Amino acid sequence: GVHFVSEKAGIAVGPNGIILRTTSGGEYWERVESGTRLWLEDVKFLDERRGIAVGDRGTIITTDDGGMTWKSIETNVRENLYGLSFFDDKNGFAGFGLKKETPLEKCSTLDDVIIFGQDGKMRIVKVADKFFVGPRPLRVAVFRKDEDLIYSLIYRDGKEGAILAK
């Protein structure tokens, strides 16, 4: 996976725990130590400093210095983690009646929407013309009951508690 935090700064992850970092818009890349030799599948940043990467056998590593150094997060997850998704809409609304916003997915009035909030709560609601999903939800997606899709959650129990997974 590749994620650009700005026009110039980006991180790429891949096989054998490789992490490549650029501050030149991709013209030059430098290798950064990840602390793992497992395949890293995806990387995302919350802002210019804080990022997270995931990969094989439940690998989760984080950075708080823009990708210069990474530390492993211990969890009870042993399955391969293939992707990360964050959603940050200015006003916290979703729905099929919104015309100017960037579409997340195509949906119809028969669909349901799954919402993962910052508070750790998950909701499944009927899609509507316009509805409030909350400030800075972690994930908003069309929830299709007929698909074999499994959502895994990794969360911290309180501010300083253990990191858990469901």
Side-chain angles (χ1 to χ4, degrees), residues 1-90 94 102-106 113-124 133-144 147-166:
V2 178
H3 183 84
F4 273 81
V5 190
S6 67
E7 187 177 308
K8 298 275 186 187
I11 298 285
V13 298
N16 299 317
I18 192 168
I19 296 180
L20 300 174
R21 183 175 182 272
T22 183
T23 56
S24 63
E27 190 172 337
Y28 302 101
W29 294 84
E30 66 177 316
R31 189 169 183 156
V32 178
E33 181 58 42
S34 68
T36 184
R37 294 294 165 246
L38 295 171
W39 191 297
L40 295 172
E41 297 282 351
D42 197 12
V43 62
K44 295 282 189 297
F45 275 74
L46 302 168
D47 54 40
E48 288 194 11
R49 299 193 57 76
R50 298 177 301 145
I52 185 169
V54 296
D56 286 1
R57 298 188 202 151
T59 302
I60 303 171
I61 58 175
T62 63
T63 182
D64 60 7
D65 60 8
M68 293 293 294
T69 61
W70 295 82
K71 67 179 179 177
S72 179
I73 301 294
E74 292 299 318
T75 71
N76 59 349
V77 177
R78 297 296 168 249
E79 293 80 20
N80 293 346
L81 301 173
Y82 295 105
L84 289 161
S85 185
F86 299 98
F87 172 77
D88 185 7
D89 190 42
K90 290 178 188 172
T102 304
L104 294 174
E105 290 185 66
K106 293 181 179 179
V113 175
I114 189 166
I115 304 161
F116 295 96
Q118 290 280 346
D119 57 3
K121 293 181 182 174
M122 178 196 71
R123 297 181 294 149
I124 298 175
V133 297
R136 295 182 45 109
L138 295 174
R139 175 88 167 119
V140 178
V142 174
F143 183 71
R144 294 183 171 88
E147 287 183 3
D148 289 333
L149 184 63
I150 298 172
Y151 285 95
S152 299
L153 285 110
I154 301 167
Y155 62 96
R156 182 180 297 272
D157 187 14
K159 288 188 177 189
E160 301 294 325
I163 294 176
L164 306 167
K166 294 184 190 185

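Everything numeric in this text was worked out from a predicted model, so none of it was measured. Just so it is clear, the values below take in all heavy atoms, side chains as well, and ignore hydrogens, waters and symmetry mates.
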Asks: May I ask you to test the Trp70-Val13 pair for a side-chain heavy-atom distance under 4.5 Å?
Replies: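 With C-beta onward as the side chain, the pair stays apart.
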Asks: Working to the nearest 0.5 angstrom, can you tell me the gap between Lys44 NZ and Asp42 CG?
Replies: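 Between Lys44 NZ and Asp42 CG, I get 3.5 Å after rounding to 0.5 Å.
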Asks: Ile18 and Arg31: side chain to side chain contact (heavy atoms under 4.5 Å, CB included), yes or no, with the steps?
Replies: CA-CA 7 Å; Ile18 192 168; Arg31 189 169 183 156; 3.8 Å; yes
Asks: In this structure, are over 12 heavy atoms from other groups packed under 6.0 Å from Trp29 atom CH2?
Replies: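 Correct, the count exceeds 12.
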Asks: State the NZ-CD1 distance between Lys71 and Ile61, to the nearest 0.5 angstrom.
Replies: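 Separation between the atoms: 12.0 Å.
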Asks: Nearest heavy-atom pair of Val43 and Gly1: which atoms, and what distance?
Replies: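 Heavy-atom minimum between the residues: CG1-O, 4.0 Å.
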Asks: Taking all heavy atoms of Ser6 and all of Glu48, pick out the closest pair and write down the distance.
Replies: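 Nearest heavy atoms, Ser6 then Glu48: CB-OE2, 4.3 Å.
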Asks: Can you check whether Phe45 reaches Thr63 side chain to side chain, under 4.5 Å on heavy atoms?
Replies: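 The answer is yes; the side chains approach within 4.5 Å.
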Asks: Counting only N and O atoms by type, is there a donor-acceptor contact under 3.5 Å from the side chain of Ser34 to the main-chain atoms of Gly17?
Replies: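 Looks like yes, one N/O pair under 3.5 Å.
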Asks: Show the nearest heavy-atom pair for residues Val2 and Ala12, with the distance to one decimal.
Replies: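 Taking Val2 first and Ala12 second, the nearest heavy atoms are CG2-CB, 3.9 Å.
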Asks: If you define the side chain from C-beta out and look only at heavy atoms, does anything of Ile114 sit under 4.5 Å from Arg123?
Replies: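 When only atoms from C-beta onward are counted, Arg123 and Ile114 do not touch, as no gap falls below 4.5 Å.
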Asks: Looking at every non-hydrogen atom in both residues, tell me the closest pair between Arg57 and Leu38 and how far apart they are.
Replies: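 It is NH1-CD2, 3.6 Å.
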Asks: Mind checking whether Thr22 and Lys8 have side chains closer than 4.5 Å, heavy atoms only?
Replies: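 No, too far: nothing below the 4.5 Å cut-off.
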Asks: Are any non-hydrogen side-chain atoms of Ile52 and Ile73 less than 4.5 angstrom apart?
Replies: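 The answer is no, as the side chains (C-beta and beyond) never meet within the 4.5 Å cut-off.
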Asks: For Thr36 and Glu33, work out which heavy atoms get closest and say how close.
Replies: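 So the minimum-distance heavy-atom pair works out to N-OE2, 4.5 Å.
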Asks: Say you draw a straight line from CE of Met68 to CD1 of Ile11; how long is it, rounded to the nearest 0.5 Å?
Replies: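 If we round to the nearest 0.5 Å, Met68:CE and Ile11:CD1 are 9.0 Å apart.
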